[in-house]
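Starting from 1, each residue takes its place in the sequence as its number. Every heavy atom of this structure was used, including side-chain atoms; hydrogens, water molecules and symmetry mates were not.
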Amino acid sequence: MLAVRRAPATVTAALASAAVAAAPLACADPQVMPDKEQQVVTATGWIVNVLTTNEIIDHIDNLAGASNSWQARVTLTSEARITGQGNSPIQDAQLETGYFVGCRTDSSPGVELGGGIGGTAGGVGGGGWGSAFGYGDLQGSLGGSIRVLLKPGGLTQIPLDRINFREKSAISEVTNVNIEADGCGGQVKIQSYATVKIRTDRGNNTQVIYGEPKDL
């Protein structure tokens, strides 16, 4: 009688497991974030509206394949509108667009900008106007990519674009800017923001609008 040799079942199972392991991980669909709008009437009578629209956070697999590294490409439009009949002329105005990044860490000493006009991301939130705010001569897009080196602490603020304007409105459009966060032992979160600052003869006014927090 002819004997028939059968392959062990474990071999088939091993091959199936290898096929599943070899399949690439699917990236999440780009996340469309809700629009935001905020209005403030200043002490000098100006009506200042700030809006964020068209925000998309596109999570992608980290190119380095590191377990402690997160990466996404972000798109965001922010707009400032100044209306009303203020009792003190506007001397200068500024619109800034960016993101907060954090994961129970402090990444402020470790920010790298790429694909932009150079400079650093330090000095945000200084105490003057224009270059005196700590912004130097940075204008337009600050970088096509942002890499944050995370260290034990809290979070960092990453400006992506700044516009100085004298007219009554300004629009900032950021498209497909790469944000990468390295060295975090837990999940990284990001949150968009837009800041409008105006200066008159009588003083300054600053307002900030925030997007929804999102895992990077």
Side-chain angles (χ1 to χ4, degrees), residues 30-38 40 48-60 71-82 90-102 107-108 110-148 155-181 188-199 204-214 216:
Q31 299 295 303
V32 178
M33 307 300 289
D35 296 344
K36 299 288 184 177
E37 183 172 1
Q38 180 173 289
V40 170
V48 183
N49 287 74
V50 57
L51 308 85
T52 58
T53 59
N54 303 322
E55 182 180 9
I56 299 173
I57 301 176
D58 188 5
H59 302 265
I60 62 175
Q71 194 168 347
R73 291 181 181 135
V74 298
T75 295
L76 178 65
T77 299
S78 62
E79 182 176 359
R81 302 173 186 165
I82 304 173
I90 295 175
Q91 302 298 319
D92 292 289
Q94 186 176 78
L95 172 65
E96 176 180 300
T97 302
Y99 277 85
F100 290 99
V101 181
S107 53
S108 55
V111 178
E112 297 178 3
L113 305 179
I117 62 174
T120 67
V124 176
W129 186 258
S131 60
F133 265 120
Y135 297 154
D137 295 325
L138 293 178
Q139 295 289 324
S141 177
L142 295 184
S145 65
I146 301 292
R147 180 170 178 254
V148 183
L155 57 84
T156 192
Q157 182 177 349
I158 307 297
L160 299 181
D161 191 32
R162 297 188 187 105
I163 303 172
N164 288 340
F165 62 100
R166 292 181 179 274
E167 300 298 327
K168 296 295 182 66
S169 65
I171 297 177
S172 169
E173 293 181 309
V174 174
T175 304
N176 282 336
V177 174
N178 190 75
I179 295 181
E180 178 184 351
V188 176
K189 286 186 177 293
I190 62 175
Q191 182 181 33
S192 64
Y193 73 90
T195 300
V196 178
K197 301 181 180 184
I198 66 172
R199 180 173 67 90
N204 298 338
N205 176 271
T206 300
Q207 66 163 305
V208 185
I209 191 170
Y210 301 95
E212 297 291 332
K214 190 70 178 174
L216 185 62

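At a threshold of 4.5 Å between non-hydrogen side-chain atoms, the residues Ile209 and Thr52 count as touching. Ile60 is listed as a side-chain neighbour of Asn178, based on a closest heavy-atom distance under 4.5 Å. For the pair Ile179/Ile158, no side-chain contact is recorded, criterion being any heavy-atom separation below 4.5 Å from C-beta on. The side-chain heavy atoms of Leu160 and Val74, taken from C-beta on, include a pair separated by under 4.5 Å.
Residues satisfying the salt bridge (charged side-chain N to carboxylate O under 4.0 Å, His left out) criterion with Glu79, sequence neighbours excluded, are Arg81. Shown here are the side chain to side chain contact (heavy atoms under 4.5 Å, CB included) partners of Ser172, two or more places apart in sequence or in another chain: Ser78, Leu95, Thr97, Asp161, Ile163, Val174. With sequence neighbours left out, Lys189 forms a salt bridge (charged side-chain N to carboxylate O under 4.0 Å, His left out) with Asp215. A search for salt bridge (charged side-chain N to carboxylate O under 4.0 Å, His left out) contacts involving Glu37 returns nothing, not counting sequence neighbours. Looking at residues two or more places apart in sequence or on another chain, you find a side chain to side chain donor-acceptor pair (under 3.5 Å) between Glu55 and Tyr99, Ser192. The side chain to side chain contact (heavy atoms under 4.5 Å, CB included) test applied to Thr53 returns Asp35, Thr77, not counting sequence neighbours. Under the rule for a side chain to side chain donor-acceptor pair (under 3.5 Å), Glu173 has no partner lying at least two apart in sequence or in another chain.
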So Asp58 and Arg73, salt bridge (charged side-chain N to carboxylate O under 4.0 Å, His left out) or not? Walk me through it. CA-CA 5 Å; Asp58 188 5; Arg73 291 181 181 135; over 6 Å; no
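The CD atom of Gln31 sits 4.0 Å away from atom NZ of Lys214, with the distance rounded to the nearest 0.5 Å. Here the straight-line distance linking atom CG of Leu51 with atom CD of Gln38 works out to 10.0 Å at 0.5 Å rounding. Distance check, rounded to the nearest 0.5 Å: CD1 of Ile90 to CZ of Phe165 gives 8.0 Å. Ile198 contributes atom CD1, which lies 5.0 Å from atom CD1 of Ile82 (distance to the nearest 0.5 angstrom).
Residue Glu212 comes nearest to Pro34 through the heavy atom pair CG-CG, 3.5 Å, listed as atom of the first residue, atom of the second, then distance.
Formation of a donor-acceptor pair under 3.5 Å by the Gln94 side chain with backbone atoms of Arg162 is not found in this model. Remark: the backbone N or O of Lys197 is not paired with any side-chain donor or acceptor of Thr206 at under 3.5 angstrom. Remark: side-chain polar atoms of Arg166 are paired, donor with acceptor, to backbone N or O of Gln91 under 3.5 angstrom.
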